[in-house]
Structure formats: structure tokens, C-alpha cells
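Input: a single structure, listed below in C-alpha cells.
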Amino acid sequence: MGGWAIAVHGGAGVDPNLPTQRQEEAKQLLTRCLNLGISALRSSLSAIDVVELVVRELESDPLFNSGRGSALTEKGTVEMEASIMDGPKRRCGAVSGLTTVKNPVSLARLVMDKSPHSYLAFSGAEEFARQQGVEMVDNEYFVTEENLGMLKLAKEANAIVFDYRIPALGLETCSAGAGAAIDNGLQMNGLPISIYAPE
Amino acid sequence: TVGCVVVDSQGRCAAATSTGGLMNKMTGRIGDSPLIGSGTYACNLCGVSCTGEGEAIIRGTLARDVAAVMEYKGLGLQEAVDYVVRERLDEGKAGMIAVSNNGEVAYGFNTTGMFRGCATDDGFMEVGIWE
């Protein structure tokens, strides 16, 4: 049996022109979350408690696409989703379509621990959140100025913002921001690549 | 999208993933992150969290496939991650992090970079963005 191990991610697909300062901010957040998880592991918290603790921290920081700082829908609102799974007995919980739950991963954990189901979504998930007394905030809490700017770019490019596979062309890329992928005939899911743009 | 995978000192694995989805997405769209077996999976062998182009991750049942190739092909953790990223994504773009029940940590991605960090009990720690 080996010792403990932990990994965190903040999303795949990074703007190739991401300013160095933003890269440093991202590394500092990842380091902070790793250290949070490491001290919890050293205090003998179980793996399921540590993953929830670390993802809550990532959701609360607006830097990455989750919780506060989430990507915006075509209507400029936030709809969040999360899941959690405990290896030993393969128990799991998931939520989708959340608009007011401050930490979606903790509601997913409650679905796993306190409901007879493994997945709740939209109004049912929000109702369950109220019953469980989790912290709830207005949808505006999750919306950031930067993401409003990115949504505007995505709409101008008529794109569903995905990740950076083709460095943005034409549209200036804002930090960790959007740009339109050039249409080079590449297909994705049977659709022209141009509908996907860098995240 | 953000995620965390952990194996504790008793060899128990766990995984969690959370996201706002895609910018400019249709309301009501569900991606891979909440789908057990696609964006998130954990069992006795490993814990996996994925990120990237959700539709490709769903079609490839990416997170479960890491556990499956470990279980049925006997691959090690990093081999399994590399295999799944290389063979299961078609033209999709994604990344993932994973831990195994014997204290290993691994990641893989075919996108332009991935924000990730990992650490193990023996003092190893790495935070990175690019290849």
C-alpha cells in the first residue's frame, strides 16, 4: 500500500497567449488548494472529505470555471453542475442546473449521503438544497465582469466557447478568455470546428 | 471546470468535479462533469476527474475507461491515462487527473495546456499549465 496522493485541475484548454500574471495567479491557486488537501490528508481526513474540501475552495475562487466565476449561458446566467464519487463502495452523487447553490460539490455530496438517488437536477436539486439548508446566494454572485466580456466575444464569434486548440485568430484573446477558432474544415462531433472556440 | 482526486493513507480513492459548463451554452445543457463514469469516477483501483470538450468525454466514458483498462488490460495508472486520452477521444479535446490505490498520481491532456497540480506522500509536488 502506498501513501496518500492528491491531484487538482482547473480546466483543460488554456489561452496560448494567457498573460504571465494570470498564469502565476492560477499556479498560486492550485498550490493553495494542494496545500489545503495535503494538510487535511496529514490530519487523516478521508479521501471523500478531502476532494469535497478542495473542490469547494476552487468553486469559491472566481479564477476557474466553477462556482463563482462560472461560464455563462447564452442568456448570461449561470447553471452549474458537479459530481462526487467515493471509491470503496462506489457511492456517488451529482447535481446539474444549479443557479443559487454556493457550493455545488457539497450538494452533490448531500445527494450521495442524504438522498435515495445519485443525481438531482434543476428545480428538484434547488428544492433539495433548501431542505438540506446549504448556503444559497443570488445568481449574480456567480457572474463576473470578465465572463460577461467573454460571453460577448463568444456571441460575436457565434461560438460555443470550449477550449484552446487553435490559437485565436482575429479576436484579441483576453486573459483565460475566448477567441474564435478559425474554420479549417476540421469536424468535431460532426460539426464544423468553427462553432467551438477557445475557452 | 475544476476537479480533485485523492487517495488517502488507507488506500481509499475519491474524485470530485465541478463546473459552470461552456460559455454561451444553451440553457439546460448538461456536460460531462456531473455524469458518473464520464467526468468523474472512483472505485477501489483509482479516482479520475476529467475536463475539456464535454460531448467527447461523454461519448468516450472517459473516467470509467481509465479504471476499465487498469482492470481488464492490467495497465498502470499513467499508461491507462495516456491510453484513454490517445484512443478514446476521436477528435475531441480533453484532459484528466487520476490517482491509484497504491499512491500514484497521473494526468494527461491533448488540449493546449491544462491547469493542474499534484502531490504525493513522499514529498513530490508539481504545479503546471503547459506540456
What part of [X] lies closer than 4.5 angstrom to a heavy atom of chain A: side chain, backbone, both or neither?
X        : answer
Ile30(B) : both
Val5(B)  : both
Cys46(B) : neither
Tyr41(B) : both
Met96(B) : neither

So for [X], is it side chain, backbone, both, or neither that comes closer than 4.5 Å to the heavy atoms of chain B?
X         : answer
Asn103(A) : neither
Pro88(A)  : both
Ile38(A)  : side chain
Ser96(A)  : side chain
Leu98(A)  : neither
Leu41(A)  : side chain

Ser83(A) side chain to Ser33(B) backbone, donor-acceptor under 3.5 Å: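 Yes, the answer is positive, given that a donor and an acceptor are paired below the 3.5 Å cut-off.
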Met26(B), CE atom: more than 12 neighbouring heavy atoms under 6.0 Å: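 12 or below, so no.
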Exceeds 12 heavy-atom contacts within 6.0 angstrom, atom CZ of Arg90(A):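 No.
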Short side-chain donor-acceptor distance under 3.5 Å, Trp4(A) and Asp8(B):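 Note: Asp8(B) and Trp4(A) side chains miss the donor-acceptor criterion.
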Side chain to side chain contact (heavy atoms under 4.5 Å, CB included) evaluation trace for Gln28(A) with Val127(B): CA-CA 9 Å; Gln28(A) 283 163 26; Val127(B) 171; over 6 Å; no
Contact leader toward chain A among Gly31(B), Gly39(B), Cys43(B), where contacts are heavy-atom pairs under 4.5 Å: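 Among the listed options, the one with the most contacts to chain A is Cys43(B).
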